[in-house]
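What follows is a set of notes on a single structure, which appears directly below.
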Amino acid sequence: MKHHLILKVITKFMVGVIVLFGLYVQFHGDYSPGGGFQAGVIIAAAFILYGIVMGLENVQKVMPIWFAQKAAALGVLVYALTGVFSIIFGFEFLNYHAISPEHPKHGQHYGIILVELGVGITVTFVMIAIYYSFAGRTPRLDDKEW
Amino acid sequence: MALTLKHLFAVIMLSGAFSLVSAMLFVVMDAVDVAFTEAAVGAGVSTVLMLATMALTVRVQKETKKPILLPLVVVCLVGVLLIYGTLDMPNFGAFDSPAQAHLGSTYLNITYKDMGIPNVVTGILASYRGYDTLGETVVVLTAGLGVILLLSGLKGRKDKE
Amino acid sequence: MFYVATISIVISFIMVLIRLFLGPTLYDRVLALNAFGTLAVLMISIVGFLFGRPDFLDIALLYALLNFIGTIAILKFFRYKEIGDKKALSRKKAQ
Amino acid sequence: MDSNLNFIFGHLPYWLFIILMLSGLFIVVSRGNLIKKIVGLNIFQTSVFMFYISIGKMKGGTAPILLDKSANNSAVIYSNPLPHVLILTAIVVGIATTALGLALIIKIREEYDSVEEDDIQKMDQKDLMKYNKKNVLETNS
């Protein structure tokens with residue numbers, strides 16, 4: 001994709017907008033439709049777009065393979081640690097009252113934001129890692145039907 | 001239509017269009033969050049993954065010589081059974097159906113009191129059913145790990161020879 | 001007014017779908033898919049106003065942002081026969 | 001008569017989703033191409049999702065995002081949010097498992113040089129026969 005100038009310029013502009021929209025969906029998910037699952041897919045779609053237009057080599061400079069594969073586990077860790085946090089303070093697993101015991105409502109709100117963040121991180125990096133695995137593979141057999 | 005088309009390009013494009021239509025149907029049936037997810041997945045990721053698979057496999061379906069009668073009979077039988085199962089169900093959009101009676105309305109009433117957020121779906125997803133969502137996240141991670149392990153360049157039968 | 005718009009969009013949906021099914025060449029299909037996405041954006045925004053919930057516009061915005069990714073992927077695949085750039089890379093190394 | 005008509009129109013959405021589901025099932029059962037099977041599974045999955053959502057729909061209801069912030073006012077009807085939660089996570093899990101299936105197809109293609117079910121079965125049978133013959137020879141000698 002060396003000669004497609006318009007596509008490249010538009011992509012450079014759109015990637016930022018898509019990531020911004022993904023962050024809006026992630027953190028405004030309590031008030032409007034959205035949440036971690038959707039935001040993860042949207043942010044991953046931005047990276048996929050960059051990979052398609054600019055080439056796999058360039059997107060892997062921005063987001064290396066090892067980072068995507070390891071960060072996928074980080075999201076589950078954030079989620080589970082939120083639960084462990086409430087165990088430490090003497091509540092049940094994933095009971096967000098532990099975050100601010102005098103304001104249970106605020107505790108719930110913070111807990112939901114943390115948990116959605118964990119979900120978003122996992123989904124984003126899992127989708128990016130899946131895309132890398134599919135796109136970074138040379139076809140080992142030639143196709144006769146072209 | 002995926003039945004008759006030989007060219008897999010067209011099949012993948014039509015499945016993209018199907019995802020669009022289903023997202024619109026979800027909007028009409030008040031499931032905004034679900035429509036959001038379906039839109040993000042259908043527009044962003046699934047077409048690209050299907051195309052990447054096609055790049056590594058084949059583009060045109062071969063002629064199948066499979067018998068068509070037996071699958072047709074089985075499918076019709078399943079359909080009759082399922083439709084028989086729906087005869088007892090309440091009408092579409094009924095107020096007095098058992099699904100609406102207990103848990104759903106309770107969640108609608110208590111979510112704002114407990115958490116102070118207006119999106120009930122997010123509240124249930126992250127707080128009331130937090131265990132469930134933790135499990136789903138782990139499933140997504142496991143599926144991703146499976147893909148990474150399968151496609152990370154381990155040697156196949158042909159290379160060993 | 002909104003109802004008239006809805007009906008006209010549904011009619012154009014059907015016409016685009018016919019092109020998507022029959023389309024003799026690939027370009028017809030790609031164009032039809034793109035038009036389908038644009039119509040979906042319009043349809044979702046109109047349905048949002050019809051139901052009195054303008055915050056449905058988020059979904060329309062999402063489609064407007066993401067719809068062209070699939071089109072670009074299809075066209076790139078058709079031109080270069082791959083999604084990543086592995087073939088191009090190995091060719092470069094061989095030279 | 002009127003009640004009959006009411007019954008039919010009240011159940012028509014369910015039947016439509018069931019027919020869609022059956023077409024997905026038919027693709028999975030009757031087509032040999034593995035990629036087409038995955039597409040059929042996707043259709044099946046999405047129609048099950050539609051069925052779930054249709055159970056939670058209420059006539060005259062609106063999306064379960066509270067309009068005014070006071071709790072339990074009965075002026076506005078909201079649809080049941082519980083199916084939405086279940087399906088929302090299921091869609092993302094569905095795309096992840098679809099990717100896993102596609103990865104399996106790629107590996108199958110590299111092993112067998114084909115993605116048609118018939119060819120793969122034929123090759124498997126040939127392998128099995130070869131293996132059996134070898135075993136028989138070894139036990140005889």
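Within every chain, numbering begins at 1; the chains are lettered A, B, ... in the order of the sequence lines, protein sequences first and strands thereafter. Because the structure is a prediction, the values reported are computed rather than measured.
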query: Given that the side chain runs from C-beta out, which part of D/I18 has a heavy atom under 4.5 Å from chain B: side chain, backbone, both or neither?
result: side chain
message: Using a 4.5 angstrom heavy-atom cutoff, name the option from D/T98, D/L82, D/L34, D/L22 with the most pairs to chain B.
response: D/L22
query: Is any side-chain heavy atom of B/L150 less than 4.5 Å from a side-chain heavy atom of D/I106?
result: no
field: Residue pair B/F18 / D/I43: nearest heavy atoms and the distance that separates them
entry: CE2-CA, 4.0 Å
- request: Determine whether D/M21 and B/L82 make a side-chain contact, defined as any pair of heavy atoms from C-beta on separated by less than 4.5 Å.
  value: yes
field: Top contributor to chain B interface from D/T46, D/I35, D/I108, D/I87 [non-hydrogen pairs under 4.5 Å]
entry: D/T46
field: Residue D/V115 versus chain B: region with a heavy atom under 4.5 Å
entry: side chain
message: Are the side chains of D/F7 and B/L87 in contact, using a 4.5 Å heavy-atom criterion?
response: yes
message: Counting only non-hydrogen atoms closer than 4.5 Å, does B/V139 touch chain D with its backbone (N, CA, C, O), its side chain (CB onward), both, or neither?
response: side chain
Heavy-atom contact with chain B under 4.5 Å, split by part of D/L104: both
task: Counting only heavy atoms closer than 4.5 Å, note whether D/P64 contacts chain B via side chain, backbone, both or neither.
output: both
query: Would you say the side chain of D/N42 lies within less than 4.5 Å of the side chain of B/M50, judging by non-hydrogen atoms?
result: yes
message: Ignoring hydrogens, what is the shortest heavy-atom contact between B/V28 and D/K57? Give both atom names and the distance.
response: O-NZ, 4.0 Å
message: Within the 4.5 Å heavy-atom criterion, are B/M89 and D/I55 side-chain neighbours or not?
response: yes
message: Restricting to non-hydrogen atoms, name the atom on B/L108 and the atom on D/P81 that form the minimum distance, rounded to 0.1 Å.
response: CG-CD, 4.1 Å
- line: Max heavy-atom pairs within cutoff under 4.5 Å with chain B, candidates D/L102, D/I19, D/L12, goes to D/L102
B/V138 versus chain D, the contacting section by heavy-atom distance below 4.5 Å: neither
message: A quick test of your reading: do over 12 heavy atoms of other residues, nucleotides or ligands sit less than 6.0 Å from CZ of D/F17?
response: yes
task: Quick one: which of B/V45, B/L72, B/V32 has the most heavy-atom pairs under 4.5 Å with chain D, could you say?
output: B/L72
field: Contacting moiety of B/V147, where chain D heavy atoms sit under 4.5 Å
entry: both
- prompt: So D/Y52 and B/V34, side chain to side chain contact (heavy atoms under 4.5 Å, CB included) or not? Walk me through it.
  reply: CA-CA 11 Å; D/Y52 250 81; B/V34 182; over 6 Å; no
Proximity breakdown for D/F9 and chain B, heavy-atom pairs closer than 4.5 Å: neither
- prompt: Under a 4.5 Å heavy-atom cut-off, does chain D meet the side chain of B/L25, its backbone, both or neither?
  reply: side chain
field: Interchain contact, B/T53 with chain D, by part (heavy-atom threshold 4.5 Å)
entry: both
- prompt: Is a side-chain donor or acceptor of D/H11 paired with a backbone partner of B/F92 at a separation under 3.5 angstrom?
  reply: no
field: Among B/T122, B/I124, B/D33, B/T133, the one residue meeting side chain to side chain contact (heavy atoms under 4.5 Å, CB included) with D/L88
entry: B/D33
field: B/M29 and its side chain to side chain contact (heavy atoms under 4.5 Å, CB included) partner, picked from D/S79, D/P83, D/S54
entry: D/S54
